[in-house]
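First listed ligand is number 1; within each ligand, the first listed atom is number 1. Nothing here was measured: the structure is a model prediction, and the numbers come from that model.
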Amino acid sequence: MEEELNKIKEKCLNCTKCALSKTRNNVVFSDGIPNGKLVLIGEAPGYYEDMKGIPFVGKAGQLLDKILDCVGLSRKNDIYIMNTIKCRPPNNRDPEDFEKEACREYLDGQLSILKPKIILLCGNIALKSFLNLPYGITKARGKWYDGPYGSKMMPIYHPSYLLRNDSREIGSPKWQMWQDIKEIKKEYDKL
Ligand code: URA
């Protein structure tokens with residue numbers, strides 16, 4: 001699995017298919033363990049990710065690690081993390097459709113090798129890249145959908161949204177995330 005992933009990574013690191021290749025410092029390919037069980041797909045690299053070449057290492061990433069840790073999950077042992085697009089859009093703007101299209105071969109390539117049992121779609125950009133629903137993340141989160149390679153997919157809130165919504169009251173986004181991560185862990189434990 002690692003060898004096949006490295007082949008795609010090599011190609012991705014040299015990619016010049018869209019203009020983001022001109023402004024990036026690093027291609028942000030993935031982090032975590034490729035064990036074919038659990039994959040999280042985020043949006044796009046931000047400033048810190050672009051500087052380090054590793055996904056989810058800024059504030060949102062630190063919160064993501066904390067959330068995973070609450071149920072005993074970690075990048076080291078359990079989860080493979082990647083983004084919908086691999087290069088940072090200037091000023092963290094949303095990725096354009098043609099950028100997502102250009103990058104799609106890497107995302108699909110990663111999934112075709114990993115064939116994960118569970119895919120977490122983290123935020124609206126990832127959600128819309130995989131599911132054609134008439135509603136967004138607020139309504140889609142917390143439910144299981146059929147994904148590629150027989151996987152189960154669950155949309156979840158992006159941690160940067162949780163950083164902007166700090167309440168832990170029942171029904172708040174953070175509370176909902178807590179319900180979702182417990183459900184995800186329950187499914188993961190069955191694998
Ligand atoms: N947000 C994302 O969606 N991905 C990252 O890697 C960092 C922040």
(message) Applying side chain to side chain contact (heavy atoms under 4.5 Å, CB included), can you list everything that pairs with Pro134, at least two apart in sequence or on another chain?
(response) none

(message) Between Asn124 and Ile137 (side chain of the first, backbone of the second, donor and acceptor by atom type, cut-off under 3.5 Å), is there such a pair?
(response) yes

(request) Just grab all the ring-ring contact (aromatic ring centres under 6.0 Å, His included) pairs involving residues 84-137, residues at least two apart or on different chains. (result) none

(message) Strictly distance-based, threshold 3.5 Å: is any side-chain N or O of Glu49 a donor or acceptor partner for the main-chain N or O of Ala44?
(response) no

(request) Let me see the working for Lys7 and Glu10 under salt bridge (charged side-chain N to carboxylate O under 4.0 Å, His left out), right down to the final yes or no. (result) CA-CA 5 Å; Lys7 269 190 210 156; Glu10 192 62 35; over 6 Å; no

(request) Please list, by chain and number, the protein residues whose heavy atoms come under 4.0 Å of ligand 1. (result) Gly42, Glu43, Ala44, Glu49, Pro55, Phe56, Asn83, His158

(message) According to side-chain hydrogen bond (donor to acceptor under 3.5 Å, both in side chains), does anything in residues 35-47 pair up with another residue at least two apart or in another chain? List the pairs.
(response) none

